[in-house]
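For reference, the structure is listed below as structure tokens.
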Amino acid sequence: MAGLDLFIDLTAPNGRQWKQPTGLFINNEFVKSSSGQTIASIDPATTREIASVYAASAEDVDTAVQAAKTALKDPSWKQLPATDRGILMGRLAELLEKNRELFATIDAWDNGKPYHVAYEEDLTEAITTFRYYSGWADKTFGQTISTTPQKLAYTIRQPIGVVGQIIPWNYPLSMAAWKLGPALACGNTVVIKAAEQTPLSILVLGNMIKEAGFPEGVVNIINGYGREAGAALVQHPLVDKVAFTGSTATAREIMKMAAVSLKNITLETGGKSPLLVFNDSDLEQAVKWSHMGIMSNKGEICTATSRILVQKDIYDTFVENFKSTIQATSKIGNQWDESTYQGPQVTRAQYDRVLSYIQLGISEGATVVSGGGPYPPNSNGESGYFVSPTVFTNVTDSMRIYREEIFGPVVVIVPFETEEEAIERANDTTYGLGAAVFTKDLERAHRVAAEIESGMVWINSSQDCDPRVPFGGVKQSGIGRELGEAGLEAYTQVKAVHVNMGSRL
Ligand code: ADP
């Protein structure tokens, strides 16, 4: 079988050149997939193919899991002092820092986000996450518990074992960092599967894992299709834990598969996050943050504040200012232009999905006050997946555009009268990921923050995310927490040891 070369020369539209691995990264080496199956990665701004990489079959997943299992017991990892584990992770963060423009180039090209955003935001997040968790490696202690004078108990926090991690395409490298950081800090070994839409940067990360000095088999990286490689990873009997970020529908499938062997799971899924603007808020700030909360990253954000609820007396002004902010800020273009705010949607499938939701909103009777279709309209020759930032008004709470996650630059803005009504409507959703509240009234800000059913609340802001602060959802937005000290819970298990101090008792 000839197949693809394991390393190919790529040159991005910004002129950056590098050797792109195409294989599955198992035991610190790139290998071909057993079936020869591949995935093509597409530049969503031009719809041209960037490169193809190998896609894992169930057999390849088994090879990767076996490698992780062997590494778990290998003294070079198992006996490695926790401080040294942290040092390896710190080295990995340094390598990411050194290759910041390479990673930003790859994720911009593959995902469609502007290069300057990938460079400044995604890479900062990935690097600081690895650094943050490198510090935790030697700080996860158990407890000593006195019981009776004759008995003593203590707990130790041990790794869970082999962890299967499945990540999405909207923040390819930083999602890998969120998953790998805490898992490695706690001494687990990993098989991580990237999303088929963005398979490239994680393979370059494989190079850095090896260069940083991680023992072979500790981190195994595969590309592959969700239903094949993803499902095989979730179902593998030697995988002790599954951590997933993606859609709620896929999370449901994963939970079902994991139920067979009662696998420990962490899920970070979808959202329809509300943003509440009270009439005493700083309107300029409220508009600025609420625009960013839905239009940044082309709306491809699980925490996007996609339902904006505005108090009635400032509603019309808010909508007008929101439209003007789109005009002034949402410049649409390719990934390489410094002035681009919004790039193309990641794939044809996402582009079609977002456009079909826009059509649905129109047919449901909502009013389009901005955008409302592809960008540019009636384009010919322009083949990228660009969507006009779209605002709907005259939306009722039962409309599907109000209730369902669209995952694109589409927002509904609705009026409310009282705080009570705002909270009730904000909570009228099956999701519970993020929520934002704008007010200058301190008491109201904290009261509303406490009442909203979500894993995170932003007061006078939107989308804040920091490796030191827990991230996750309630209701159908997820199970468990990532980031912060809380993120360690997902990757350790507590063992209780009882000691008999009085030998005759
Ligand atoms: P989206 O619909 O936005 O592409 P998904 O939730 O389908 O999001 O994908 C997120 C990740 O889950 C990807 O890595 C994908 O390959 C993986 N995935 C999709 N379907 C399954 C599945 N049935 N089992 C395991 N992983 C899956």
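No experiment lies behind these values; they were computed from the predicted model shown. In listed order, ligands and their atoms are each counted from 1.
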Ligand-side contact atoms (ligand 1) for residue partner [X], heavy atom cut-off under 4.0 Å:
| X | answer |
| --- | --- |
| Lys193 | 14 (O), 15 (C), 16 (O) |
| Met257 | 24 (N) |
| Phe244 | 6 (O), 10 (C), 11 (C), 12 (O) |
| Ile167 | 11 (C), 13 (C), 14 (O) |

Quick one: look up the protein heavy atom nearest [atom] and list residue, atom name and how far away it is.
| atom | answer |
| --- | --- |
| atom 17 (C) of ligand 1 | Ile166 CG2, 3.5 Å |
| atom 25 (C) of ligand 1 | Gly230 C, 3.3 Å |
| atom 27 (C) of ligand 1 | Gly226 CA, 3.4 Å |
| atom 1 (P) of ligand 1 | Trp169 NE1, 3.8 Å |
| atom 16 (O) of ligand 1 | Glu196 OE1, 2.5 Å |
| atom 2 (O) of ligand 1 | Ser247 OG, 4.1 Å |
| atom 7 (O) of ligand 1 | Thr250 OG1, 3.1 Å |

Cationic tip of Arg307 within the cone over Tyr402's six-membered ring, i.e. under 6.0 Å and within 45° of the normal? yes

Looking at Tyr491, does the NZ or CZ of Lys241 lie under 6.0 angstrom from its six-membered ring centre and within 45 degrees of the ring axis? yes

Evaluate ring pair (Phe, Tyr, Trp, His ring centres under 6.0 Å) for Trp169 paired with Phe407, printing each intermediate quantity in order. CA-CA 12 Å; Trp169 42 261; Phe407 224 65; 5.5 Å; yes

Strictly below 4.0 Å, N to O, side chains only: are Lys19 and Asp9 in salt-bridge contact? yes

Are Lys475 and Glu453 within salt-bridge range, i.e. N to O under 4.0 Å? yes

To the nearest 0.5 Å, tell me how far Thr189 OG1 sits from Leu184 CG. 9.0 Å

Nearest 0.5 Å, please: how far is CZ in Phe25 from CD1 in Ile221? 5.5 Å

Show the nearest heavy-atom pair for residues Pro389 and Ile332, with the distance to one decimal. CD-CD1, 3.5 Å

Between [X] and ligand 1, which part of the residue brings a heavy atom under 4.0 Å of the ligand: side chain, backbone, both or neither?
| X | result |
| --- | --- |
| Phe407 | neither |
| Ala194 | backbone |
| Leu233 | neither |

Which of the listed options, Gln235, Gln197, Glu300, Arg227, holds the heavy atom that is closest to atom 23 (N) of ligand 1? Arg227

Check for me whether Ala251 has a heavy atom closer than 4.0 Å to any atom of ligand 1. no

Geometric N/O contact Gly224 with ligand 1, under 3.5 angstrom: no

Can you find a heavy atom in the side chain of Trp18 that is under 4.5 Å from one in the side chain of Thr105? yes

Can Thr245 and Lys179 be counted as having a side-chain donor-acceptor contact under 3.5 angstrom? yes

Would Trp178 and Phe471 count as a ring pair (Phe, Tyr, Trp, His ring centres under 6.0 Å) here? Give the steps. CA-CA 10 Å; Trp178 283 30; Phe471 179 106; 4.7 Å; yes

Take atom 14 (O) of ligand 1 and look for protein heavy atoms under 4.0 Å from it; say yes if you find one, no if not. yes

